[in-house]
Amino acid sequence: MKTNPDFKTIIAVNKLIHEPARMAIISLLSVVEEADFLFIMNSTSLTQGNLSSHLGKLEEAGYVEIEKTFKGKRPHTVIRLTDSGQGELETYIKTIKEFLRYF
Amino acid sequence: MFVVQTIFYYIFNYTAMKNNNNVEKLEKHTYRMIYRDGIFDLAMGSMLIIYSINMYLGINEIETSLFMRLLIVPVVLVLALVKIFITQKRIGYVKFRRSRSRKKLISFIIATAALVFTTVIYILAAGGKIDSSARNESISLLIEFIFLVGVFFLLAYFTDYLNFYIIGLAMGFGVPVSIYLEPYLGTRYYGLALQFIVGSALFIAGIILFITFMKKFPKSPDHEN
């Protein structure tokens, strides 16, 4: 059986970015230079634990860069999108757009 | 061949423009997060209220007028301190791209130029070097209207603070309405009322936004920021 090439493309889409919460994080980071943990949490309405977990996965994949510093005695985490993350996002958008053309 | 190339060029650019527009919309949406605490509405509302009271009280008295104008400084200062020490810490830190810094710089230049221009006109009029009765001429009113609406519309565009459009219209229409209706109604209050109403509406909206913001984003000592 021959598989439709369009389906093949959509099945092969980057699943790490495809997850809605991570999509929200990456989209947000793509329009700013950098943002801290609190700003991303407020903008995406994710909980602290959820955001930490998603950021960990994105960092592991090399899509975001996380810088941990201290502001006085409190930890301050600044996050920025890497070039690889930006590239993956662009590929993802292109693939999804291409697929949605048929609807 | 040239026609085909041109068509492809336009198709490509149109697609590119559409994509950029979406990214720009997302950037604007993210940027507007900074107005969610209502501080800007409170500041703009206060300014409009003070401005309309100033016009009402000090139409012929320079001292009253100056005092009212100077009242804006502590009000804005207090709101700026609230922003820096209370709300900003709850919103979190974000650094926008260079295009946003350019927009901020343009807004600052427009606001400063407009402020300097109006201050010079005000000083010249107060010193009797400009005939203030010339304001009654339709052409001066039209220029004033275009200037006020133009400045606020430009600021709305560059700062993405959409209430500047409403402020611009209130300021622009306020002066001609005051002057044109005075012979019929015997008072200038109706024009000023427009600015006062818009100012009060903004102020109330600012208070509601501020309370909602403080409830939605409570300060938690456990939060990592």
Side-chain angles (χ1 to χ4, degrees), chain A residues 20 23-56 59 64-81 83 85-87 89-98 100-101, chain B residues 11-12 14-39 83-105 159-160 209-225:
Chain A
M23 184 71 218
I25 299 167
I26 289 216
S27 317
L28 174 72
L29 289 172
S30 73
V31 294
V32 299
E33 253 183 55
E34 58 185 30
D36 71 358
F37 190 90
L38 188 64
F39 186 85
I40 299 174
M41 198 170 81
N42 287 337
S43 303
T44 57
S45 302
L46 288 169
T47 60
Q48 199 176 347
N50 234 334
L51 180 59
S52 279
S53 143
H54 288 305
L55 282 175
E59 189 188 24
V64 297
E65 197 182 288
I66 300 177
E67 192 188 314
K68 290 189 179 215
T69 52
F70 277 89
K71 246 185 182 177
K73 283 180 183 173
R74 302 177 76 186
H76 187 236
T77 310
V78 176
I79 303 111
R80 57 187 78 87
L81 197 65
D83 289 343
Q86 183 69 41
L89 176 69
E90 279 163 20
T91 312
Y92 172 85
I93 291 170
K94 208 176 144 191
T95 313
I96 292 286
K97 269 189 176 173
E98 187 67 29
L100 291 178
R101 239 166 21 106
Chain B
I11 290 170
F12 172 77
Y14 177 64
T15 316
M17 259 163 53
K18 253 172 73 178
N19 291 343
N20 286 341
N21 277 348
N22 290 337
V23 172
E24 206 178 305
K25 270 184 201 164
L26 181 63
E27 196 266 351
K28 279 183 179 186
H29 178 79
T30 312
Y31 185 71
R32 284 186 196 130
M33 175 90 183
I34 65 162
Y35 299 125
R36 276 179 71 179
D37 58 5
I39 296 294
K83 178 99 187 164
I84 293 165
F85 291 108
I86 299 173
T87 63
Q88 194 63 53
K89 284 185 176 177
R90 293 166 192 237
I91 291 175
Y93 157 82
V94 61
K95 187 179 177 190
F96 286 91
R97 297 215 160 152
R98 208 175 286 169
S99 58
R100 180 55 64 181
S101 309
R102 262 202 304 271
K103 278 184 167 183
K104 275 186 186 171
L105 181 69
T159 58
D160 280 312
L209 277 174
F210 183 69
I211 293 168
T212 315
F213 177 87
M214 296 299 272
K215 277 186 181 169
K216 197 173 177 187
F217 304 115
K219 196 180 174 191
S220 161
D222 303 328
H223 265 176
E224 183 185 16
N225 56 19

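We name chains A, B, ... by the order of the sequence lines, and we start the count at 1 in each one.
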For this session: Can you check whether anything in residues 94-103 of chain B gets within less than 4.5 Å of chain A, heavy-atom wise, and list it by number?
Result: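 Contacts with chain A: Val94(B), Lys95(B), Phe96(B), Arg97(B), Arg98(B).
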Find out whether [X] and [Y] are in side-chain contact, i.e. whether some heavy atom of one side chain is under 4.5 Å from a heavy atom of the other.
X        : Y         : result
Arg36(B) : Ile91(B)  : no
Tyr92(A) : Ile26(A)  : no
Lys28(B) : Glu24(B)  : yes
His29(B) : Val31(A)  : no
Asp37(B) : Phe217(B) : no
Arg90(B) : Lys216(B) : no

For this session: Go through the atoms of Leu29(A) and report whether side chain, backbone, both or neither lie under 4.5 Å from a heavy atom of chain B.
Result: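 Only the backbone of Leu29(A) comes within 4.5 Å of chain B.
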Problem set entry | Closest-packed option against chain B by number of heavy-atom pairs under 4.5 Å, given Ile40(A), Leu28(A), Asn42(A) |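 Counting heavy-atom pairs under 4.5 Å, the top option is Asn42(A).
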Exercise. If you take all heavy atoms of Gln88(B) and Ile84(B), which pair is closest and at what distance?
Worked result: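 Heavy-atom minimum between the residues: CB-O, 3.8 Å.
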